[in-house]
Amino acid sequence: MDPVGLISKIYGAVFAIDFGRKGFATRGKAEEGRISYEEGISEALLAFKDAQSSADPQVIILSEYTFINQELQFCEETDTDSLSSLTKAIQSFDDAFLALKIVENDTLYQAVEQTYPHDKKYRVNNFPKDSFHIACIAHRTRLQNILRAPGIDPIEKALLKQRFANLSTAQSGYIEKQKKALACTHY
C-alpha cells in the first residue's frame, strides 16, 4: 500500500466532490457538477476500500484524516456546525496518531496501560480505551448522524458506509497492536 498515492487520490476525490456540489448550485453547470461529484465519490470509495484492505490502522486513519482535512478546507465559513465538527474530528485524530506511536513501544505502552481504569466502560475488548479508540468511536457516531440525515444521495451513502466500516477495521488492527504491546502482561 502506497500511502502517498492513496492520500493523493483522496485529495483529488474531495476536490471533485466539492467542485461537483458547487456545480449543482450554479445555473448551467448542474450536469458538469453531477459528473464531477460522482467521479469524486467513486474515486474516494475506491481509495477507502484500498485503505481498508491494508488493515493498517495508520493508513486507515490517515485516509480519514486527509478526507476530513480537505472537507474542512472547502467548508463555508458560515457553516459553523460543520466547521466545529470537522475541527473536533481532526483534533481527535491528532490524538489517535499519538496513541499509534506510543503503542509501538511495548515498554512505554505497558506503563501507560496501567494509568487506564480497568472498569469495562474504559476498555475495548479488555484493552485501554485510549485516544485511538475514542477518535474512532466519536467519528463513527459523526458518520452515523450524517447517514441518518434525509436526502443523502445513495452514492454518497455508500461512501459514508465505507468510511464507517473502515473505522471498525482500524480499531481491530489497533487492538492487535495493543495485544502485541501488552503480550508480556495478563492479556
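Predicted model, so just to flag it, every value in this text is computed and none were measured.
A donor-acceptor contact shorter than 3.5 Å links the side chain of Thr66 to the backbone of Leu62. No donor-acceptor distance shorter than 3.5 angstrom exists from the side chain of Ser92 to the backbone of Lys88, with no hydrogens or angles considered. Judged by distance alone, the side chain of Gln52 and the main-chain N or O of Ile60 form no donor-acceptor pair under 3.5 Å. Under a 3.5 Å cut-off, the side chain of Ser84 and the backbone N or O of Asp81 do not form any donor-acceptor pair. Judged by distance alone, with hydrogens and angles left aside, the side-chain atoms of Ser8 form no donor-acceptor pair with the main-chain N or O of Val4 at under 3.5 Å. Panel note: side chain Ser36, backbone Ala16; a donor-acceptor pair is recorded below 3.5 Å. Lys9 contributes no side-chain N or O that, together with a main-chain N or O of Glu43, makes up a donor-acceptor pair within less than 3.5 Å.
Counted within 6.0 Å of NZ on Lys101, heavy atoms from surrounding residues, nucleotides or ligands total 12 or fewer; the atom is thus considered open. Taking a 6.0 Å sphere around OH of Tyr122, one finds it holds 12 or fewer heavy atoms contributed by other residues, nucleotides or ligands.
Atom CD1 in Ile10 sits 11.0 Å away from atom CG in Leu46 (nearest 0.5 Å). For the atom pair CD1 of Ile137 and CD of Gln171, the computed distance is 5.0 Å after rounding to the nearest 0.5 Å. Atom CG of Leu159 and atom CZ of Phe48 lie 6.0 Å apart (nearest 0.5 Å).
Ring geometry for Tyr65 versus Phe97: interplanar angle over 60°, hence perpendicular rather than tilted (30 to 60°).
Asn166 and Gln162 share a side-chain donor-acceptor pair at under 3.5 Å. Side-chain atoms of Tyr109 and Gln178 form a donor-acceptor pair, as typed in the model, at a separation below 3.5 Å.
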message = Set out, in order, the CA-CA distance, both residues' side-chain angles and the distance that settles side-chain contact (heavy atoms from CB on, under 4.5 Å) for Asp153 and Arg34, then state yes or no.
response = CA-CA 11 Å; Asp153 192 303; Arg34 184 72 188 176; 2.8 Å; yes
message = Test side chain to side chain donor-acceptor pair (under 3.5 Å) on Arg142 and Asn145; report intermediate values, then the result.
response = CA-CA 5 Å; Arg142 188 175 291 107; Asn145 290 339; over 6 Å; no
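For the pair Val103/Phe132, no side-chain contact is recorded, criterion being any heavy-atom separation below 4.5 Å from C-beta on.
Between Phe127 and His133, the ring center distance fails the sub-6.0 Å criterion.
Using a cut-off of 4.0 Å between Lys/Arg side-chain N and Asp/Glu carboxylate O, Arg123 and Asp119 are scored as not salt-bridged.
Each of Leu45, Asp2, Leu6 was checked for a side-chain contact (heavy atoms from CB on, under 4.5 Å) with Asp50, and the lone residue meeting it is Leu6.
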